[in-house]
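Heads up, the thing below is written out as structure tokens.
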Amino acid sequence: MTIRRMDHSRTMDSMRPGVLLLDIDGTLVDNTAQHIAAWREAFAALGLEADQEILRKQIGKGGDLYVRAIAGEDWDRRLGDEARKLHGDAYKRRLGEVRPVEGVTDFLAGLQKLQIRPVLATSSNPDEVAANLRVISEAPEHFLIVDRDDIETSKPAPDAFALALERSGARPDEAAAVGDTRWDGESARKAGLRFFGVQTGAGTEDELRQGGAHQVFRDLPALLAFLRR
């Protein structure tokens, strides 16, 4: 008799999740360029000229870790809080430039038809979350949301996705995380979740795979088509 061993990782990858834990910045709203510009302005105002590509590679981390990654721990201790405030102000001035990620409205409607619950898990503060949701004609009360105020440490720490999973009431095998950077992927992996990477924001395909993506999709319509299978 031949015994077939079940490939659990393959089975898990092919299962349609009942809950999707969604990043917002770069995943639902197209604001990577605005965040990079805002960080560059903030650092420059404090005497630090930061390389654009270095800034891009760290996008996806919350401000608590982002400043440290760019400027180092000592600089962060001295000027980090001011840099984060300057970034927030600079980003608000650029909100009029922010657009929805292509296909986001149909994507959210498609999740509803598939009875997949969207839960938002972000390192952004509540004001930015509300402003970004207005870009896609949504409001915070439409979703279960975990934001910066709910967590101790931002992505790539597991806090945001782990707490969103807990509050959703789903088991890890019933859910998946979606994001546009490797830091989303690392956060999801640490929380024991599948991670679907989307090339809609700051991360390249290679970076998303480095972050542990089970699948990488060029955009939200491609991810929705996969979920419909």
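Just the heavy atoms: all of them, side chains too, but no hydrogens, waters or symmetry mates, feed the values below.
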Using the rule given for side-chain contact (heavy atoms from CB on, under 4.5 Å), can you reason through Leu220 versus Val101, listing the C-alpha separation, both sets of side-chain angles and the distance that settles it, and then say yes or no? CA-CA 8 Å; Leu220 293 179; Val101 161; 3.8 Å; yes

Answer yes or no: is there an ion pair linking Arg171 with Glu174, defined by an N-O contact shorter than 4.0 Å? yes

Can Leu120 be reached from Val98 by stepping across I, L, V, M, F, W or Y side chains whose heavy atoms are under 4.5 Å apart? yes

Reported CD1-to-CZ distance for the pair Ile136 and Arg134, which is rounded to 0.5 angstrom: 12.0 Å

Ile36 side chain reached by Ile59 side chain, heavy atoms, under 4.5 Å: yes

Would you say the side-chain atoms of Asp159 and Ser154 include a donor-acceptor pair closer than 3.5 Å? no

Is the backbone N or O of Gln34 less than 3.5 Å from a side-chain atom of Asn31, with the two atoms forming a donor-acceptor pair by type? no

Flag side-chain contact, heavy atom, 4.5 Å: Ser137 against Thr105: no

Between the CG atom in Leu223 and the CZ atom in Arg228, the distance rounded to the nearest 0.5 Å is 10.5 Å

Does atom CZ of Arg218 have more than 12 heavy-atom neighbours, drawn from other residues, nucleotides or ligands, at distances under 6.0 Å? no

For Glu141, look at atom CD and say whether over 12 heavy atoms of other residues, nucleotides or ligands are found less than 6.0 Å away. yes

In Å and rounded to the nearest 0.5 Å, what is the CG to OG distance from Leu163 to Ser168? 10.0 Å

Tell me, with the steps shown, if Phe43 and Trp75 meet ring-ring contact (aromatic ring centres under 6.0 Å, His included). CA-CA 11 Å; Phe43 286 123; Trp75 197 97; 5.5 Å; yes

When you measure from the side chain of Glu128 to the backbone N and O of Asn125, does any donor-acceptor pair fall under 3.5 Å? no

Under 4.0 Å between a side-chain nitrogen and a carboxylate oxygen: does that hold for Glu41 and Arg94? yes

Is the ring pair Phe217/Phe226 parallel, tilted or perpendicular, if the boundaries are 30 and 60 degrees? tilted

Are Gln199 and Thr204 side-chain neighbours, meaning at least one heavy-atom pair lies under 4.5 Å? no

Any donor-acceptor pair under 3.5 Å linking the side chain of Lys155 with the backbone of Gly185? no

Could you tell me if the side chain of Phe143 sits less than 4.5 Å from the side chain of Pro118, heavy atoms only? yes

Quick check: closest heavy atoms across Arg56 and Gly203, and the distance to 0.1 Å? NH1-CA, 4.4 Å

Side chains of Leu193 and Leu165 in contact at under 4.5 Å (non-hydrogen atoms): yes

Identify whether the distance between the nearest side-chain nitrogen and carboxylate oxygen of Arg84 and Asp64 falls below 4.0 Å. no

For residues Leu65 and Pro156, report the shortest heavy-atom separation together with the two atoms involved. CD1-CD, 3.8 Å

At what distance, to the nearest 0.5 angstrom, does CD of Gln112 lie from CZ of Phe107? 13.0 Å

Hey, mind stepping through Glu205 and Arg209 against salt bridge (charged side-chain N to carboxylate O under 4.0 Å, His left out) and telling me if it holds? CA-CA 6 Å; Glu205 180 176 0; Arg209 294 197 185 281; 3.2 Å; yes

Minimum heavy-atom distance Asp147-Pro126, with the two atoms named: OD2-CG, 3.3 Å

Say you draw a straight line from NE2 of His87 to CD of Glu82; how long is it, rounded to the nearest 0.5 Å? 15.0 Å

Find out if a path of hydrophobic residues (ILVMFWY) with successive side-chain heavy-atom gaps under 4.5 Å connects Val216 to Leu224. no

Compare all side-chain heavy atoms of Leu111 with those of Leu227 and state whether any distance is below 4.5 angstrom. yes

Counting only heavy atoms from other residues, nucleotides and ligands, does the tally under 6.0 Å from CD of Glu102 exceed 12? no

Would one find more than 12 heavy atoms of other residues, nucleotides or ligands at under 6.0 Å from atom CD of Glu53? yes

Is it true that Arg182 and Gln210 share a donor-acceptor pair across their side chains at a distance under 3.5 Å? yes

Intermediate values then yes/no, side-chain contact (heavy atoms from CB on, under 4.5 Å), Asn132 and Leu28: CA-CA 9 Å; Asn132 286 329; Leu28 303 182; over 6 Å; no

Is any side-chain heavy atom of Ile24 less than 4.5 Å from a side-chain heavy atom of Val129? yes

Any sub-3.5 Å donor-acceptor pair from Asp180's side-chain atoms to Ala202's backbone N or O? yes

Hey, are Asp81 and Lys85 close enough for a salt bridge, meaning a charged N less than 4.0 Å from a carboxylate O? no

What's the shortest heavy-atom distance between Ala160 and Ala121, and which atoms? O-CB, 3.8 Å

Determine, for Arg167 against Asp150, whether the closest basic-nitrogen to carboxylate-oxygen distance falls under 4.0 angstrom. yes

Can you check side chain to side chain donor-acceptor pair (under 3.5 Å) on Ser124 and Asp25, steps first, answer last? CA-CA 8 Å; Ser124 295; Asp25 294 78; 2.9 Å; yes

List the steps and the verdict of side-chain contact (heavy atoms from CB on, under 4.5 Å) for Asp219 and Val198. CA-CA 6 Å; Asp219 53 25; Val198 287; over 6 Å; no

Lys NZ or Arg CZ of Lys61 over Trp183 ring: under 6.0 Å, within 45°: yes

Test Val119 against Phe161 for side-chain contact (heavy atoms from CB on, under 4.5 Å), laying out the working first. CA-CA 9 Å; Val119 176; Phe161 283 136; over 6 Å; no

Strictly distance-based, threshold 3.5 Å: is any side-chain N or O of Asp184 a donor or acceptor partner for the main-chain N or O of Thr181? yes

Are Val146 and Leu22 connected into the same hydrophobic cluster when the rule is that any two of I, L, V, M, F, W, Y join if their side-chain heavy atoms are below 4.5 Å apart? no

Ring centres of His214 and Phe196 under 6.0 Å apart? no

Do Val104 and Leu95 land in one hydrophobic cluster if side-chain heavy atoms of ILVMFWY residues count as linked below 4.5 Å? yes

Which heavy atom of Ala177 sits nearest to which heavy atom of Ala188, and what is that distance? CB-CB, 3.7 Å

All heavy atoms of Ala71 vs all of Leu48, minimum pair found to be CB-CD2, 3.6 Å

Ile70 and Trp39, any side-chain heavy atoms less than 4.5 Å apart: no

Output, in order, the C-alpha distance, side-chain angles, deciding distance and verdict of side chain to side chain donor-acceptor pair (under 3.5 Å) for Tyr66 and Asp76. CA-CA 9 Å; Tyr66 189 91; Asp76 184 27; over 6 Å; no

